[in-house]
There are 2 protein chains.
Amino acid sequence: MTTATAGPASTRRTGEELVLAVHAAALAEIAEHGLRGASMDGIARRTGTGKAALYRRWSNVRELGLDVFLTTMADSSPANYPDTGSLREDLLGSLRGFAGLLRGPLQTVLRELISESTHDPSLVAEFQARVGEPMQAQRIAMLQRAMGRGEIPTQPIDPLVFELPPAIVLHRLLLCGEVIDDETTVKLVDNVLLPLLGYRR
Amino acid sequence: MTTATAGPASTRRTGEELVLAVHAAALAEIAEHGLRGASMDGIARRTGTGKAALYRRWSNVRELGLDVFLTTMADSSPANYPDTGSLREDLLGSLRGFAGLLRGPLQTVLRELISESTHDPSLVAEFQARVGEPMQAQRIAMLQRAMGRGEIPTQPIDPLVFELPPAIVLHRLLLCGEVIDDETTVKLVDNVLLPLLGYRR
DNA sequence: GGATTTGTGAACGATCTCGTTCCTTGTTAG
DNA sequence: CTAACAAGGAACGAGATCGTTCACAAATCC
């Protein structure tokens, strides 16, 4: 498509555009074959590029895969949710956000990190540091605000309670094969979290 | 070691003995390379046997891997715990049993099933049917006995509550890289499950 | 516009894997 | 004890992958 002012369209991807395409292809290849079963040849084919362009950036398939994982995690930082003024709404919003993330490429990354963590626990540690812990901090902040509002008693909370939301989400995803639905999210908040927190209705 | 009455020791493994050795080697190879990255050559080498002996039983590495998974799951059926007369002790016993299972080969299987379930959810469904659901049934029976004893009120319980124990165990295993320790098990029972169940002390 | 950089496709040699076949020999069954 | 079966090791041809190199040409930079 040539326009009078825009000049000829380019026929090749270069620089960052190519890296993005390679990342997408690598993620698809890894989802299909696992990190350890994926190949540079496969990724190059899927991207529609030459191997030399891959090897100019990454020295092997593992390095490329890890780059994809880290980039995906960086792109999946949990959003900062507005203070709704209600603990229940805050918790629901946080869980819905997490569920939304898991409907995207982060799910593939998480699955592979889990498989890899037998031999390299640093990968899931990275996931925790970049995704898990920021979300935990958000939940703590929500609870502190709720205490300030008098919604829950001001007392220490067993850290296990903070662990319940990601644990259930993960269990649903990995063993039931589905991202947690909204009905379950509401039940988790109303029937598990709020009672444990001593929520005052 | 030849004894006067036992006859010469055999130098080859045959039949079931060889299958067990192949299974162990396959599990180790899969733990290291993933199901999709493992090879028949690698498993044969690790077993110390010829490929023909493998191919006489399994037509490819995937079939061997799935056989290993199913066998491991069948060997990992949850034990039947004695009725302790106390809900707390029952729950602790059940969770400790599950943790014990995850210290063995079942952990490798679970990790691989999770990685595989992107494309083949039937595998984790099998895990749920053979391991997850029998444990759930045990927990339900424990709660019914506790209701009969008056330890907890006789009322419907949100199924999410039954999901919390395996969810936490899984979360700890997969994202923290450790089988749940006994202190956490006790806290989970005392600070999460029993309060949610309305346990009367 | 020219020089440099980069992308694409192909080719290369080495290595690995697949699935099969064969030979030798240990093991089992009758 | 003998025949049949099965294990272990090696070899085979085909295919795939790895990492590298090259030629050509598109894209970028000055």
Side-chain angles (χ1 to χ4, degrees), chain A residues 1-3 5-68 71 112 116, chain B residues 1-3 5-68 71 112 116:
Chain A
M1 235 17 122
T2 308
T3 64
T5 60
S10 64
T11 62
R12 282 182 180 174
R13 296 157 299 185
T14 58
E16 192 56 30
E17 183 188 5
L18 180 64
V19 170
L20 285 175
V22 172
H23 273 194
L27 197 61
E29 195 75 18
I30 289 165
E32 186 170 331
H33 298 285
L35 176 59
R36 282 161 288 180
S39 69
M40 284 304 235
D41 273 296
I43 293 167
R45 232 176 349 248
R46 197 183 283 248
T47 307
T49 194
K51 282 200 288 184
L54 297 191
Y55 281 107
R56 284 182 60 251
R57 294 170 169 80
W58 301 282
S59 50
N60 54 56
V61 69
R62 186 169 186 85
E63 185 181 318
L64 169 53
L66 298 187
D67 186 28
V68 172
T71 305
E112 277 309 307
E116 283 290 306
Chain B
M1 235 17 121
T2 308
T3 66
T5 60
S10 62
T11 63
R12 281 182 181 177
R13 297 157 298 185
T14 58
E16 192 57 29
E17 183 189 5
L18 180 63
V19 170
L20 284 175
V22 172
H23 275 194
L27 198 62
E29 194 74 11
I30 289 166
E32 185 170 335
H33 298 285
L35 176 60
R36 282 161 290 179
S39 69
M40 285 301 235
D41 273 295
I43 293 166
R45 234 177 348 248
R46 196 183 283 250
T47 308
T49 194
K51 281 200 287 183
L54 298 190
Y55 282 109
R56 284 181 61 251
R57 294 169 168 82
W58 302 282
S59 49
N60 54 57
V61 67
R62 186 170 185 85
E63 185 181 320
L64 169 52
L66 298 186
D67 185 28
V68 173
T71 304
E112 278 309 306
E116 284 291 305

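First the proteins, then the strands, lettered A, B, ... as listed; each starts at 1. The shown structure was predicted, so the numbers you read here are calculated from the model rather than taken from an experiment.
At whole-Å resolution of the value, CE in M40(A) and P in dC16(C) are 19 Å apart. Here the C1' atom of nucleotide dT6(C) and the CG atom of L18(A) are 9 Å apart, to the nearest Å. To the nearest angstrom, C1' of dG8(D) lies 11 Å from CG of L54(B). The separation between R46(B) atom CZ and dG8(D) atom P is 17 Å, rounded to whole Å. The nearest whole Å value for the distance from the CD atom in E29(B) to the P atom in dC16(C) is 14 Å. The nearest whole Å value for the distance from the CZ atom in R56(A) to the P atom in dT8(C) is 11 Å. Distance CG (D41(A)) to C1' (dA11(C)): 12 Å, rounded to an integer number of Å. Across the protein-nucleic acid pair, L64(B) atom CG and dC18(C) atom P stand 11 Å apart, rounded to whole Å.
Contact between the side-chain N/O atoms of R45(B) and the OP1/OP2 oxygens of dT17(C) is found at a separation under 4.0 Å. Here T14(B) does not reach the OP1 or OP2 of dG26(C): none of its side-chain N or O atoms lies under 4.0 Å away. A sub-4.0 Å separation between OP1 or OP2 of dA27(D) and a side-chain N or O of T11(A) is present. In this model, the phosphate group of dG8(D) is approached by a side-chain N or O of T49(B) to a distance below 4.0 Å at OP1 or OP2. Listed pair R13(B) / dG8(D) meets the phosphate criterion, a side-chain N or O lying under 4.0 Å from OP1 or OP2.
L18(B) places a side-chain heavy atom less than 4.5 Å from the side chain of R57(B).
The backbone N or O of A38(A) sits nowhere less than 3.5 Å from a side-chain atom of E29(A) that would complete a donor-acceptor pair. A donor-acceptor contact shorter than 3.5 Å links the side chain of R36(B) to the backbone of E32(A).
Taking all atoms of both residues into account, the shortest heavy-atom contact from M40(A) to W58(A) is CE-O, 3.8 Å.
For R12(B) against dT25(C), a side-chain-to-base donor-acceptor contact under 3.5 Å is present. Side-chain N/O atoms of K51(A) and base N/O atoms of dG19(D) include a donor-acceptor pair closer than 3.5 Å.
Using a 4.0 Å heavy-atom cutoff across all strands shown, G42(A) reaches no nucleic acid atom at all. Across all strands shown, A52(B) has heavy atoms under 4.0 Å from base atoms, whether or not it also approaches the sugar-phosphate.
Mapping R57(A) and Y55(B) onto DNA chain C via the closest heavy atom, the residue that lands nearer the 5' end is R57(A).
Note that CG of L54(A) is 11.5 Å distant from CD of E63(A), once rounded to the nearest 0.5 Å.
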